[in-house]
Protein chains: 2
Amino acid sequence: MKEAIINSKTQATRSRGQIATRELLIKAVGTLLARQGFTSLGVNAVAKEAGVDKVLIYRYFGGLPELLRQFGSSGEFWPSVDELTGWKADALQQMPLTQSVPMVMRNYIKALRNRPLTREILAWESVERNELTKVLEEVREKVSMDLFQAVRIDSEKHPAVISISTLLAAAVNYLVIRSRTINQFNSIDIASDDVWETLEKTITTICEKCFGPENQ
Amino acid sequence: MKEAIINSKTQATRSRGQIATRELLIKAVGTLLARQGFTSLGVNAVAKEAGVDKVLIYRYFGGLPELLRQFGSSGEFWPSVDELTGWKADALQQMPLTQSVPMVMRNYIKALRNRPLTREILAWESVERNELTKVLEEVREKVSMDLFQAVRIDSEKHPAVISISTLLAAAVNYLVIRSRTINQFNSIDIASDDVWETLEKTITTICEKCFGPENQ
DNA sequence: CTCTTTAGTCACTAGCTGGTGACAGCTATG
DNA sequence: CATAGCTGTCACCAGCTAGTGACTAAAGAG
């Protein structure tokens, strides 16, 4: 009888195929991150979510780190240069910095606020380094470099632009991460759309004042 | 023989007193946070660090949350209004915003960079809410309110000041948190003193441009 | 047909976690 | 002196974690 149970179970899920299993596992990482956050992510949880035995994580990936790495490389968790420029990199080059930088920041905010998964990884990245956050770091650094190139910003010629946009991006990251768990910061409600609109306007103001014609 | 060992052990550490034990435990939380970070903080680790049995955490505090709360209330983890104003709140009131805001930000950065424990709690706060971070939240919100009052900033009259300083504080928080685990952000090294000096200068520039006479 | 490889399940280990019950020794109070 | 209360140690529980070895079933190769 015991064998019968085992047999039926075995045949029901057998031979899904290695590739399919790998995909199941990779997908499960994303599902779990989005639903439970990074604190509950482990081999047991991932295997259970994928409906697969955890031993396959070791057999196919050698362990969780490599699975995380492949998950990180598997999708578009970070906004691309195209998304940040609104698919108008050419037009952006012609614009003055007073317009192009705020526009990129606006797209950046929109991208982060619309991607729960990216928000989660961003939070993870700020407190821990692992194979997943390392991959994301690389992607992010590359995107920011490409972006500066796309809008023709030279770090030699525009040191202030780098500094200011670094500050603005850091601020956005913090507020996005923070809004995951609590809404209050400096007595403003960082979960409300209105506040984000105000912040976007403030960013625009900063750029206009700092990159305006009198500064060229 | 077994009894003899127990007895000697028992007598060696006996009757330290409840108050002393409570202090040991509270202190151990701080030591552990500074040394290992918040991820490894639990009843077992705290008790071990304090050299005390973990059951006493439950007996004297009812559990870890209350111990954390009392730890949070036990010291000056967050910079005070005095520290942020450089003990010169009066002088700050006379200054234009172009000078006072950067000065406060400078003191804020200095305070955070000099307090590993506060940095750790700040990181914790950004990803999780618990009794400790709740206490710190309250303190922080109160300090920021008091600060605005101390330098006579009215949220009705100076909405831009609130927005901009919120952004700047958020940016500083992010970079400080991030520098715990990795030094690279936007291709700059956020562990180096030079970079922080540049960032301080950038903050000053932003304030001068945004709060300058032409904006009054 | 036989032998090997692949895919998958299950059962187990060791070590950690938070939490509790039973006990021992000291001390103050009646 | 006896008893009750406080302070502390120890041993244990259940539940979780990462990781491994032994097994079965099927498919493919000779």
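Note that the structure is predicted; figures quoted are calculated from it, not measured. To find a chain, count down the sequence lines: A is the first, B the second, and so on, and within it residues start at 1.
Between the CZ atom of A/R22 and the P atom of C/dT6 there is a distance of 13 Å, rounded to whole Å. One can place CD of B/Q36 at 16 Å from C1' of C/dT17, the figure rounded to the nearest angstrom. Rounded to whole angstrom, the span from the CZ atom of B/F61 across to the C1' atom of D/dT7 amounts to 14 Å. The separation between A/K48 atom NZ and C/dC10 atom P is 14 Å, rounded to whole Å. At whole-Å resolution of the value, CG in A/D53 and P in C/dA11 are 11 Å apart. For B/I57 and D/dC10, the CD1 to P distance is 16 Å, given to the nearest whole Å. Counting to the nearest Å, the P atom of D/dT20 and the CG atom of A/L56 are 14 Å from each other. Rounding to whole angstrom units, CG of residue A/L64 and P of D/dT17 are separated by 12 Å.
Comparing C/dA7, D/dG8, C/dT9 by their closest approach to the side chain of B/Y60 singles out D/dG8. The nucleotide whose nearest atom lies closest to any side-chain atom of B/N44 is, among C/dT17, C/dC10, D/dG8, C/dT17. Distance from the side chain of A/T21 is smallest to C/dG8 among C/dG8, D/dC10, D/dG21. Taking the side chain of A/R59 as heavy atoms from C-beta on, and the options D/dT7, D/dA22, D/dC10, the nearest nucleotide is D/dA22. The A/R16 side chain lies nearest to C/dG8 when the options are C/dG8, D/dG8, D/dT9. In this structure, the nucleotide among C/dT20, C/dG8, D/dA18 sitting nearest to the side chain of B/Y58 is C/dT20. Here the nucleotide nearest the side chain of B/K54, chosen from D/dT7, C/dG19, C/dT20, is C/dG19.
In this structure, A/E141 contributes its side chain and B/S187 its backbone to a donor-acceptor pair below 3.5 Å. A side-chain donor-acceptor contact under 3.5 Å links A/R22 to the backbone of A/Y60.
A salt bridge does not link A/E120 to A/R115: none of the charged side-chain nitrogens sits closer than 4.0 Å to a carboxylate oxygen. Under a 4.0 Å N-O distance rule, the pair A/R140/A/E137 does not qualify as a salt bridge.
For A/R129, the CZ atom sits in a packed shell: over 12 heavy atoms of surrounding residues, nucleotides or ligands are nearer than 6.0 Å.
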